[in-house]
Each structure stands twice: as C-alpha cells, then as structure tokens.
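For this chain, numbers begin at 1 and follow the sequence in order.
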Amino acid sequence: MSIDYKIYLVNESASGKNLWCFLSEPEGLNKKSVYANSSTGIFVEPNYLGLNYFVIPYKYALQAGASNNAVQANTKIESSIESTISIDVELGKVYDTQYATAPPKKGPNLTVNQSDSSPTGTLQIQTNSFDKVENEEQRWFENATFGIEMSNGFIGSTWAPAPNEATTITPQFKFYITTGSFEPGTLTDFSIISKNAAVVNLSDFNSLEVTVTLTSEGTFLVTPGQPEQSSTSINKLGVIEHYSKLVNTHNQLVEKHAETIYSHHQALSKLFSARMF
C-alpha cells in the first residue's frame, strides 16, 4: 500500500487559473533529451472556500512504448498507431525492455529482471539490441517514460531510449506547480514548466501535506501543511451550523409558546361560557 501525499492549491489572484503538476526529471538522464509529461491539472477559482489538491502516491511506474510520433517537444506520444506497456516499479531493481525492429510495427515488452539488482534508491532500465535507424525509417519511434500514476492522471519524464544500453536513474520526489495552457500528455521542455513555477520538495511536506499559493502578485508561495483557509472555512461552517440549530430551537420554543397561549385562551373561553349559564 502506497503512502499518499497532498499538494493543496490556493489561488489569491484576480481570476481563475489552470494549475498543473509536474514531476521533476530523475537523475541519470543527463545525456538524453528528456521531456516533462503530465496529464494532471485543475482549474482553481480565486479565493475558493473549498479545497483543491493533488493526491500523489509514493509509488513509481515505468512505461515502454512505440508509436508513429517521435519523442520531441510539443508532441503527444499517443498517436494513430501506438503500443504501450506499463508496470509499477520498485527501487533497487532492474527492468528489461524489449523493443522490436520494424517491420512489423510491434509494441515492446517490459519485465523485471529477477537476477540483477540496482543500487539503493535507484532503478536500472536495460534495453535490448534493436535497429533504431530502421525503425525511424519505418516511422516507428521508441519511447520510455518514468513517473507516478495518479488517480486523475500521470506525471513524469519521457525520453527516447537507445538500443543495448543500461540506464540507472535516481527518482526525485520533487514537483513543479505552475500555471499555463498545457495539453494533457503532450511533451514539454523542463525549462518551460520550471520557469516561475513553485518548487515542492519532500522536505516541504508536513504530515504528508503542503500548500502552494498563487499570490495576488503572481508569485508562488510554498508552505507546509494544509492551507489556513481550510480551518477558517471549517470554523465558519461550524458557526453557521450552530446558528442554524439556535434558530431551529428558537422556532420550536415560539411554536410551543403559541400553543400554550392558544390552550390558555381556549380554557378561559370555556370558563367564561360556563359562568354565563
């Protein structure tokens, strides 16, 4: 069972904003063209009284795919021809990816290597020998993606793997929260999504929670724990509920008082009627 972290989102600006979550790229891919890949965003109204947040499980996933779209910025890996396999992964293990040489255009296989291991805090991805040049001539492009599968989307990094290589990566539990009109699943340069973004590190969480606030000045503020407005909203709701109960109690007393007056009036009427006869 994975541990869930929460990133709360507060918008103090003058208008609603699309806020996106991106996972920092892992270490070990420095010699590759690595792109941010996210399908996790939410529109946050200004000064919203409720709660907006991302739930992020501390659980990593690895994907191996092939499609007729090359791995590059502003490209969506999903295409008219695509094959992808995804598995949950554990640190300290090695994973074998088997890419095909076209033709025919086939999807890859992805399995855990039962005999090898990776250093603590890392995982290793091993590729087989495949003809990358022939595949590109056939417009069949390999891709590899590492990240976190969330209930409402995916956040991670995507790159084009090379044949017959072992790549050891070290995940970074670090996030970028930013505004923008990104397309879900479309690859984006990390330099773009990290510019002016809120940076959330593991050390910023308090009891697995952190708050990112977009201020009225257009800057981001990162604070541990839940947003202050949540407790304020809860207090307000409590006061309203208490007031509602008081009103109901008052109305009940008024009704009982009216019934008492009516009964008393009826009794007096009967008394006067009896004396007259």
Side-chain angles (χ1 to χ4, degrees), residues 4-27 29-30 32-48 50-61 63 71-78 145-159 169-206 208-230:
D4 289 340
Y5 288 77
K6 280 187 178 180
I7 299 180
Y8 291 91
L9 307 169
V10 176
N11 179 12
E12 295 180 348
S13 69
S15 60
K17 299 290 183 183
N18 285 309
L19 293 178
W20 289 83
C21 182
F22 291 90
L23 177 66
S24 176
E25 64 180 292
E27 294 180 356
L29 297 173
N30 301 344
K32 297 182 179 296
S33 295
V34 184
Y35 300 96
N37 185 346
S38 175
S39 57
T40 304
I42 186 172
F43 186 84
V44 180
E45 295 284 0
N47 302 309
Y48 181 65
L51 294 174
N52 292 290
Y53 53 85
F54 297 124
V55 178
I56 303 175
Y58 192 74
K59 184 179 182 180
Y60 295 111
Q63 298 176 1
V71 176
Q72 57 189 9
N74 303 317
T75 297
K76 200 167 186 176
I77 293 301
E78 294 181 357
T145 299
F146 173 81
I148 296 175
E149 191 75 48
M150 301 161 61
S151 61
N152 61 338
F154 180 86
I155 52 175
S157 302
T158 298
W159 67 94
I169 62 175
T170 304
Q172 304 297 303
F173 202 74
K174 170 183 172 183
F175 307 92
Y176 298 107
I177 306 297
T178 188
T179 60
S181 55
F182 302 100
E183 287 291 329
T186 298
L187 305 184
T188 308
D189 285 322
F190 271 99
S191 60
I192 293 176
I193 62 100
S194 61
K195 185 179 181 181
N196 301 323
V199 181
V200 179
N201 294 291
L202 181 59
S203 59
D204 292 320
F205 288 87
N206 180 23
L208 308 180
E209 297 175 324
V210 68
T211 298
V212 174
T213 302
L214 177 61
T215 69
S216 58
E217 297 177 349
T219 58
F220 282 106
L221 180 65
V222 179
T223 53
Q226 289 189 15
E228 291 183 4
Q229 71 178 50
S230 65

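- The side-chain heavy atoms of L23 and S157, taken from C-beta on, include no pair separated by under 4.5 Å.
- Within the 4.5 Å cutoff, the side chain of F175 has heavy atoms near those of the I7 side chain.
- Between V200 and F205 the shortest side-chain heavy-atom distance falls below 4.5 Å.
- In this structure, OG1 on T211 lies 12.5 Å from OH on Y53, to the nearest 0.5 angstrom.
- Of all the heavy atoms in W159 and K32, the pair that sits closest is CD1-CD, 3.5 Å.
- Annotation: side chain of V44 is not in contact with side chain of K17 (no heavy-atom distance under 4.5 Å).
- Using a 4.5 Å heavy-atom cutoff, the side chains of Y5 and V55 are not in contact.
- Rounded to the nearest 0.5 Å, atoms CG (N18) and CG (N11) are 10.5 Å apart.
- For the atom pair CD (E12) and CG (L214), the distance works out to 8.0 Å, reported to the nearest 0.5 Å.
- Put simply, the side chain of S39 gets close to the backbone of F154: a donor and an acceptor are under 3.5 Å apart.
- Atom OH in Y35 sits 9.5 Å away from atom CG in N74 (nearest 0.5 Å).
- Between V71 and L187 the shortest heavy-atom distance is CG1-CD1, 3.9 Å.
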Report task. Check step by step if side chain to side chain contact (heavy atoms under 4.5 Å, CB included) holds for N201 and V199. Result -> CA-CA 6 Å; N201 294 291; V199 181; 4.0 Å; yes

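- The two residues Q172 and E25 have their closest heavy-atom pair at CG-O, 3.7 Å.
- Inter-residue side-chain proximity for L51 and P227 is flagged as met; some heavy-atom pair is nearer than 4.5 Å.
- Once rounded to the nearest 0.5 Å, the distance linking OG1 of T213 with CD of E228 reads 9.0 Å.
- The closest donor-acceptor contact from the side chain of S13 to the backbone of S15 lies under 3.5 Å.
- Of all non-hydrogen atoms in P57 and E149, the two that sit nearest each other are CG-O, 3.6 Å.
- Side chains of Y58 and L208 form no contact here, defined as non-hydrogen atoms less than 4.5 Å apart.
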**Report entry** Check against side chain to side chain contact (heavy atoms under 4.5 Å, CB included), N52 and Y8
**Finding:** CA-CA 6 Å; N52 292 290; Y8 291 91; over 6 Å; no

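- Put simply, CD1 on I193 and CG on N37 are 11.0 Å apart, with the number rounded to the nearest 0.5 Å.
- A 4.5 Å side-chain heavy-atom check between F54 and I155 finds every atom pair outside the cut-off.
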Requested in this report: Could you walk me through whether Y60 and I148 pass side chain to side chain contact (heavy atoms under 4.5 Å, CB included), step by step?
Outcome: CA-CA 5 Å; Y60 295 111; I148 296 175; 3.8 Å; yes

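- Of all heavy-atom pairs spanning S194 and F190, the tightest one is OG-O, 2.7 Å.
- Here the closest heavy-atom approach between residue G180 and residue W20 is recorded as O-NE1, 3.1 Å.
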